[in-house]
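Here the structure comes first, spelled out in structure tokens, and everything after it is commentary.
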Amino acid sequence: MSVTPVAIPPRMRGVNRAEICDVNFQEFVRDWRGQADAKPSADESILEGSELDARGFRELFESQLISRHLDLMARVLRVQNKVFYTIGSSGHEGNAMVARLTRHTDPAFLHYRSGGFMAERFRKLPGMDPITDSALSFAASKDDPASGGRHKVWGSKPLWVLPQTSTIASHLPKAFGTAVAIEQARRMGCGLPIPDDSIAICSFGDASSNHATAQTAFNAAAWTAYQKLPAPVLFVCEDNGIGISVKTPTDWIARNFRNRADLDYFLADGLDLAEGYGQVRAAVEHCRRSRRPTFLHLRTTRIMGHAGTDFEIEWRSIEELCAVEASDPLLRSAGIALESGLMSKDEILALYEDTRKRCFAAAEDADRRPRLTSLQDVMAPLAPYTPQAVNAEARRSDYADRRVAVFGDDARLPEKQAPKHLAIQINNALHDLFAKYPEALLFGEDVAQKGGVYTVTKGLHKAFGNRRVFNTLLDETIILGLAQGYANMGLLPFPEIQYLAYFHNACDQIRGEAASLQFFSNDQYRNPMVLRIASLGYQRGFGGHFHNDNSITALRDIPGLVVGCASRGDDAAMMLRTLAALAKVDGRVCAFLEPIALYMAKDLHEAGDGGWLTTYPAPDQALVLGDERVYNPDATDCLIVSFGNGVPMSLRAARTIEQQLGWKVRVVDLRWLVPLNEAAIAKHAAQCDRIIVVDEGRHSAGVGEGVITAITEGGSGAKPLKRVVGADTFTPLAGAAFLVIPSEEEIVAAAQSLAGAGKRK
């Protein structure tokens, strides 16, 4: 069925295109002159040859109209500051078919043009109202059930729509990870929060399909399917032919995806409900039945521009705009309703206007609802922390039989062994935690049979098997996408990033996705994890900037993330317990930095002294988030604050300082880098005459800046202070690396420069 575009006279060319689309629909219905068939019964096909029955069509059409009028409402009320979001779904309303043909227990990761999908999915559960809930979100109301007023999101806890914010492909890896997790949790015997045969749904635009993050998800999905491993993810590419103002080459999506091995391609017409319904059904049923990654190429269009601020008339010809507006799927749906005899002109126009009234009424009501008015309210779901519950969980040790089974026998328990170095104690702690948490998984590059580049995960694969300890493809983005997927399905992931520098390749999976989920879902959704990263500098005979990376800034800048860094084995074991408890109890996303150069360190001052070996703490011992370790706590002449490699360096320098200057030196190991324990830093600074901050990171934006800020704001800013810090440069290879990172000699020199200053009176 073709639709003739409404002619737009020159005087109308500056008119809001939303108004024109609104008028187009009404005039199309009023002017329709076709021949109507006899009205079909509810169970009859809406048109001959269509798999869609009349009842289904009517409900899909209503969902399309809801989506459209939410868009029109947003354009009108945005200028009145009653709503705050105008990226619309107009032209994409056919995605309602995907919602109808899937279940509300199929986790959905949606892009921003999903109004039709959401309106239709709301039908899956009784008593839910897509108009009211959406209006509250548009208005940034505190009563918004999806985000609590923090953002306009498509999301719903009962409908398993995990909220996304302005996604440009960043949600594809975690959608893939969720699909893999559905199958893996079942194989592990862990109870799923959804049915075993669920699929993960992920929608995105044609322009976003070109993004590196999208490509890595497609590749990983195909890589998985190639190995006959199930990955039931439905990638829904809503192809409207344009990305903001950049056109997608004609047939590019089909050409790029139609013949990809192990990514099963289906094409569907999202502009025509009668035609597209069976095509969408085929894709959904294939994905659910085959458990293979499936690519649904859904034809759509984009009308009314990218957003309310996009005045397309300034960069598209009027003829092109008219042609695009003529392809409006609502015109086709109205035509089907009329042609089939299901609805009359008056019935369609009455439904259209009634939907408009409902959307505006809901928006006006939402505008009267409370909004977030305090910083405390805004931040409430960002970083929940229940100290007593976390501490109790971290110290819980009711799994003695499983521990004995893992370590061999009672005599082999690690706490009964001689002191060991950092790498072994981390390894022991991981074995311990995997005995404690049957839902825990560890995965990354080379972590299984090899046991990691530094053998830190040695033995875990043998002890817990392929289902819980496994290698991934070499792709940090997918490692972190998998982590989110496993967490979504109730598992406890321990992903490993092989080197800190490699984290930067995939930072947005934590910053933009994992760490933001609690915030943008008002703590309804959580994706807890403990991310382990081999980190920092001082490796000898090896390195360069990828393997000697001190750049912690990218982690410190992520709201809600917990970052710990242990310098010794006993601290590492207790911190890992606390991090796992933070994940389990409060849903936190945690990162644990492991100083590579200290993995095998045994001595502190002289060769053979064993000064950096530690005993393994019993499983009922853990650390409180933020607690520091203090060496020589009674010393007041000089304070050295550090972390990681800087701690043993500072202890050695402290002995030299005492010998040369006669000072008693207190050394504080921060242990926790995010959040910094500012109160503890200020307390130690207040008790000491002089202060040295040792930060192996770079001069700009290092941890030391936060430490000095805490000292200054705590009232000790006038005291003599020196910062020993790395240079603002990439780390070179071999011995040259030690020219750009702090040394013990520099710490001693800093103390000497403070000699005679800060004397107590």
Side-chain angles (χ1 to χ4, degrees), residues 45-46 49-53 55-57 59-60 63-64 67 92-111 113-125 154 156 159-162 171-172 175-176 178-183 192 194-205 209 217-218 221-222 224-225 230-239 253-254 257-258 260 262-300 329 485:
S45 174
I46 188 64
S50 175
E51 294 186 22
L52 180 60
D53 62 32
R55 179 189 295 108
F57 170 81
E59 292 180 349
L60 283 167
S63 294
Q64 288 185 310
S67 178
H92 284 245
E93 292 89 352
N95 57 34
M97 292 186 289
V98 180
R100 188 171 188 86
L101 287 161
T102 54
R103 306 170 185 162
H104 79 276
T105 49
D106 291 329
F109 304 83
L110 307 177
H111 83 331
R113 303 197 194 281
S114 298
F117 181 102
M118 286 301 298
E120 185 63 26
R121 181 163 272 205
F122 267 80
R123 297 182 188 278
K124 301 287 185 177
L125 291 177
W154 296 122
S156 170
L159 294 174
W160 270 97
V161 179
L162 289 78
H171 57 312
L172 273 68
F176 161 73
T178 301
V180 172
I182 291 169
E183 295 292 319
L192 276 168
I194 55 177
D196 288 357
D197 65 343
S198 298
I199 65 174
I201 304 160
C202 181
S203 64
F204 51 94
S209 74
F218 302 141
T224 303
V233 56
L234 181 68
F235 292 118
V236 184
C237 180
E238 299 185 14
D239 183 3
I253 297 301
F257 291 96
R258 184 169 47 214
R260 285 201 184 190
D262 297 304
L263 188 59
D264 301 339
Y265 175 89
F266 289 79
L267 176 65
D269 190 349
L271 301 176
D272 187 322
L273 298 181
E275 179 71 19
Y277 191 77
Q279 299 163 338
V280 173
R281 184 199 295 276
V284 171
E285 291 181 350
H286 171 81
C287 184
R288 197 178 305 280
R289 181 184 65 255
S290 70
R291 318 306 286 166
R292 283 173 57 85
T294 303
F295 189 95
L296 173 57
H297 180 191
L298 190 67
R299 180 188 171 212
T300 64

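The figures that follow rest on heavy atoms only: side chains count, while hydrogens, waters and symmetry mates do not.
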Check whether any side-chain N or O of [X] sits under 3.5 Å from a backbone N or O of [Y] as a donor-acceptor pair, and report yes or no.
X: Ser114; Y: His111; value: yes
X: His171; Y: Ser203; value: yes
X: Arg291; Y: Asp197; value: yes
X: Glu238; Y: Thr300; value: no
X: Ser63; Y: Glu59; value: yes

* What residue among Thr294, Thr102, Asp106 forms side chain to side chain donor-acceptor pair (under 3.5 Å) with Arg288? ->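 Passing option: Asp106.
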* To do: Evaluate the criterion side-chain contact (heavy atoms from CB on, under 4.5 Å) for residue pair Phe295 and Phe218; output intermediate values, then yes/no.
  => CA-CA 9 Å; Phe295 189 95; Phe218 302 141; 4.1 Å; yes
* Begin from the C-alpha positions of Leu273 and Leu52 and carry the test side-chain contact (heavy atoms from CB on, under 4.5 Å) through to its verdict. => CA-CA 8 Å; Leu273 298 181; Leu52 180 60; 4.0 Å; yes
* **salt bridge (charged side-chain N to carboxylate O under 4.0 Å, His left out) partners of Arg260, counting only residues at least two apart** =>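 Applying salt bridge (charged side-chain N to carboxylate O under 4.0 Å, His left out) to Arg260 gives none.
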* To do: Assess the pair Phe257 and His297: is the distance between their ring centroids shorter than 6.0 Å?
  =>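 Here the rings of His297 and Phe257 have centres that are no less than 6.0 Å from each other.
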* Salt bridge check: are Arg281 and Glu285 linked by an N-O gap of less than 4.0 Å? ->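 Between Glu285 and Arg281 there is a salt bridge, with a charged N closer than 4.0 Å to a carboxylate O.
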* Asked: Are Asp239 and Arg299 close enough for a salt bridge, meaning some N to O gap below 4.0 Å?
  ->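 The answer is no: the pair does not qualify as a salt bridge.
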* Minimum heavy-atom separation for Ala221 to Pro293, with atom names? ->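 Scanning both residues, the minimum pair turns out to be O-CG, 3.5 Å.
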* **Nearest atoms (heavy-atom pairs only) where Ala96 meets Glu120** =>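 Answer, listing the atom of Ala96 first, then Glu120: O-CG, 3.4 Å.
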* To do: Assess whether atom CZ of Arg100 is packed by more than 12 heavy atoms of other residues, nucleotides or ligands within 6.0 Å.
  =>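 More than 12 heavy atoms, drawn from other residues, nucleotides or ligands, come within 6.0 Å of this atom.
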* What residues form a side chain to side chain contact (heavy atoms under 4.5 Å, CB included) with Ala108, not counting sequence neighbours? ->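 With sequence neighbours excluded, Ala108 shows a side chain to side chain contact (heavy atoms under 4.5 Å, CB included) to Leu110, Phe117, Arg121, Val161, Ile201, given in chain and number order.
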